[in-house]
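First the structure, in the form of structure tokens, and then the observations on it.
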Amino acid sequence: IASKKKIDDQLLEELEEIMIVSDMGVQVTCGLIEKMKNKVKKGEVDQPEILKQYLRDEIYNILDNNDKNLEVSARSPFVIMVIGVNGVGKTTTIGKMAGRFTSGGKSVLLAAADTFRTAAVEQLQIWGNRAGAEVISHPGGSDPAAVVFDALKAAQSRGTDVLIIDTAGRIHTKTNLMEELKKIKRIVAKEIVDAPHEILLTLDATTGQNSISQVKLFDEALGITGIAVTKLDGTSKGGVLVAISGEMNIPFRYIGIGEKIEDLRDFNAGEFIDAIL
Amino acid sequence: NLTDKLSLIFKDLRGYGKLSEKNIQDALREIRMSLLEADVNFKVAKNFIDSVKSRAIGREVLGSITPGQQMSKIVHEELIHLLGEKNEGLRLAGSPPISFMLVGLQGTGKTVTSAKIANLLKEKGRNPYLVPADIYRPAAIEQLHKLSDQLKIEAYFPREHEKPSEICRNALDFAGNNGFDTLIIDTAGRLHIDEALMEELQTIKEETNPSEILFVADAMAGQDAVNVAKKFDELLGIDGVILTKMDGDARGGAALSIKAVTGKPIKFLGTGEKLDAIEEFHADRVASRILG
Ligand SMILES: Nc1nc2c(ncn2[C@@H]2O[C@H](COP(=O)(O)OP(=O)(O)OP(=O)(O)O)[C@@H](O)[C@H]2O)c(=O)[nH]1
Ligand SMILES: Nc1nc2c(ncn2[C@@H]2O[C@H](COP(=O)(O)OP(=O)(O)OP(=O)(O)O)[C@@H](O)[C@H]2O)c(=O)[nH]1
Ligand SMILES: [Mg+2]
Ligand SMILES: [Mg+2]
């Protein structure tokens with residue numbers, strides 16, 4: 001784009017490809033290309049660099065809407081429930097968040113409410129060790145709601161600042177699994193007013209348009225209050241967030257940029273777009 | 001769905017007409033949009049449209065079906081052709097112990113799929129041995145051991161500080177000396193752009209000379225799936241592909257992208273979290289799903 005001297009069809013095709021390939025999706029891309037074409041028609045822009053800047057601004061405005069980082073207000077405890085489909089990085093993100101909170105002087109408790117997946121509890125316990133957070137768990141195969149109940153009681157009695165609930169990955173179209181999440185939410189709400197204070201959906205940056213379906217169905221079932229996007233250290237750009245942001249107001253909280261405890265960043269719209277364009 | 005949209009486009013075409021370049025153009029645009037929405041890679045979709053176009057132009061509009069249905073049929077056939085019409089099972093030839101390596105990005109389902117494959121082989125009468133070569137992910141080795149216990153399949157116990165290539169080498173020796181005929185090596189998830197970790201896979205390959213290296217990819221993967229598959233194939237060499245989480249509602253266009261860019265056969269589909277949730281790949285079902 002930098003070497004282009006004028007705005008022509010080829011430039012627009014190149015921009016279209018960049019957007020599609022970043023996973024922004026056909027609808028979003030077509031909409032933005034149309035806007036750019038209109039600007040050119042109206043004579044508002046004739047330089048490729050300026051066109052690219054307009055495009056960047058358009059995308060920024062779409063994303064800025066949801067650029068709201070998580071504020072853990074003083075509660076006892078502030079309850080965060082982490083949900084999402086299989087393998088996206090929920091457990092790892094919880095470990096990172098716990099590390100950040102403890103580094104900031106907060107006390108953290110983790111609830112090992114993934115009682116289904118093999119060695120999920122052991123995995124969370126290792127992260128708890130790394131982060132300086134204790135893990136509440138039950139022996140294998142027990143009811144996730146029971147683990148959550150115990151964790152809530154423990155957090156309340158200890159005056160813990162933050163309780164993070166790890167749940168099993170699940171396909172969002174499986175109603176019985178979504179019911180299980182609703183039950184966990186009810187248990188939390190029953191014990192603590194206004195809780196869960198954050199229902200954080202974890203998305204994988206390598207996922208394509210299916211992220212939209214995930215956001216819609218998890219939101220429908222539980223009401224999502226925040227989104228974390230992992231694996232942005234790979235070559236996937238996570239452009240589907242633009243499509244999501246265009247349709248719904250759900251704050252983008254964090255991005256995951258690696259597998260270590262420090263590999264967590266607050267979402268930043270500008271940085272996010274710069275990685276795409 | 002796509003067939004309805006195509007029928008609308010061709011509704012004025014009479015039964016005696018030919019599918020001409022003009023009346024195909026709208027149809028091709030519709031098909032391309034549908035493929036992109038299904039996560040088929042941009043360039044792969046473009047090439048696919050070109051081959052559909054050359055197959056469609058000049059074709060007689062058959063009297064028995066509508067032009068929209070005929071177009072849809074051409075697309076479906078071309079998709080099946082590209083995905084790989086016949087199913088190829090695992091390459092089990094060679095003097096035992098033979099080994100299979102499962103590789104791919106983080107979280108795609110390699111560990112669970114390793115157990116599923118081991119289970120399949122056991123049911124076929126082979127004597128599989130699971131090798132946990134992921135020393136990085138918290139509780140990864142434990143995860144594979146618990147799965148192998150559930151299946152009553154033996155698994156290697158890595159020693160402390162044993163490197164992945166050593167684990168695999170030693171497991172191979174142990175298997176050979178103890179009557180196991182098939183090693184299934186579960187490797188750590190890694191980025192295709194992580195040079196050191198890609199090199200680790202090459203070392204494991206050299207140590208174990210696997211019968212097949214199976215690339216495990218997520219059915220919901222987006223546009224970047226081509227780049228990942230291409231890199232794994234270039235740096236390591238892939239022999240087959242397994243697409244997991246097909247029980248979700250992702251259209252699965254990554255299947256076409258990966259097949260198109262590597263040319264390697266998709267061998268299995270992961271269809272759930274249970275250890276029996278694995279199926280042989282069949283192109284027609286995957287094709288229908290991609291087309292929505
Ligand atoms: N490169 C990279 N890998 C990540 C990131 N976040 C998580 N992972 C890796 O992704 C894999 C899956 O992470 P988990 O935390 O187990 O994912 P999960 O959502 O809890 O998985 P389930 O509980 O099985 O649904 C692990 O190998 C993690 O190390 C990230 O930001 N970047
Ligand atoms: N629904 C569904 N879940 C699956 C399937 N295959 C694997 N999973 C789940 O996906 C998650 C990740 O599986 P793993 O086997 O740990 O993935 P992995 O590739 O070994 O992950 P890393 O070792 O961290 O790279 C787990 O929750 C599995 O149960 C599948 O076909 N369908
Ligand atoms: Mg987990
Ligand atoms: Mg694994």
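In what follows, chains are A, B, ... by sequence order, proteins preceding strands, each numbered from 1.
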Legend entry - 4.5 Å side-chain heavy-atom contact, B/P138 and A/R130: yes
Inset, instruction - Could you walk me through whether A/I20 and B/L36 pass the side-chain contact (heavy atoms from CB on, under 4.5 Å) test, one step at a time? - result: CA-CA 8 Å; A/I20 295 274; B/L36 292 177; 4.0 Å; yes
Inset, instruction - Identify the heavy atoms of A/T118 and B/Q150 that sit nearest to each other, and give their distance. - result: OG1-NE2, 4.0 Å
Inset, instruction - State whether B/K146 and A/E122 are salt-bridged, where the test is any N-O pair (Lys NZ or Arg NE/NH1/NH2 against Asp/Glu carboxylate O) under 4.0 Å. - result: yes
Inset, instruction - Of all the heavy-atom pairs spanning A/V21 and B/Q223, show the shortest one and how long it is. - result: O-CB, 3.3 Å
Legend entry - side-chain contact (heavy atoms from CB on, under 4.5 Å) assessment of A/T92 paired with B/Q106: CA-CA 11 Å; A/T92 304; B/Q106 292 90 345; over 6 Å; no
Inset, instruction - Before accepting this row, confirm whether a basic side-chain N of the pair B/D224/A/K237 lies closer than 4.0 Å to the acidic partner's carboxylate O. - result: no
Inset, instruction - Would you give the length of the straight line joining atom OG1 of A/T235 to atom CG of B/N227, rounded to the nearest 0.5 angstrom? - result: 5.5 Å
Inset, instruction - Tell me yes or no: between the side chains of B/E37 and A/Q209, is some donor less than 3.5 Å from an acceptor? - result: no
Legend entry - Residue-level contacts of residues 251-260 of chain B with chain A, using a heavy-atom cutoff under 4.5 Å: none
Legend entry - Selection from A/R170, A/Q214, A/R117 maximising heavy-atom pairs under 4.5 Å formed with chain B: A/R117
Inset, instruction - State, yes or no, whether a side-chain contact exists between B/R137 and A/Q123 at a heavy-atom distance under 4.5 Å. - result: yes
Inset, instruction - Kindly compute the distance separating NZ (B/K43) from CD (A/E17), expressed to the nearest 0.5 Å. - result: 4.0 Å
Inset, instruction - First locate atom CZ of B/F42, then atom CE of A/M19, and finally report the distance between them rounded to the nearest 0.5 Å. - result: 10.0 Å
Inset, instruction - For the residue pair B/D249 and A/T173, confirm or rule out a side-chain donor-acceptor distance under 3.5 Å. - result: no
Legend entry - Members of residues 189-200 of chain B whose heavy atoms come closer than 4.5 Å to chain A: B/G189, B/L191, B/H192, B/I193
Legend entry - chain B contact via A/Q125 - side chain, backbone, both or neither, heavy atoms under 4.5 Å: neither
Inset, instruction - Enter the distance from B/M33:CE to A/T29:OG1 here, rounded to the nearest 0.5 Å. - result: 10.5 Å
Inset, instruction - Could you tell me the separation between the CG atom of B/L105 and the OG atom of A/S236, rounded to the nearest 0.5 Å? - result: 7.5 Å
Inset, instruction - Please examine the side chains of B/M220 and A/D204, heavy atoms only from C-beta on, and report whether any two atoms are closer than 4.5 Å. - result: no
Legend entry - Side chain to side chain, B/K245 and A/V85, heavy atoms closer than 4.5 Å: no
Inset, instruction - For B/N1, look at atom CG and say whether over 12 heavy atoms of other residues, nucleotides or ligands are found less than 6.0 Å away. - result: yes
Inset, instruction - Give a yes or no on whether B/K230 atom NZ has more than 12 heavy-atom contacts from other residues, nucleotides or ligands under 6.0 Å away. - result: no
Inset, instruction - Give a yes or no on this: more than 12 heavy atoms of other residues, nucleotides or ligands lie within 6.0 Å of atom CZ of A/R56. - result: yes
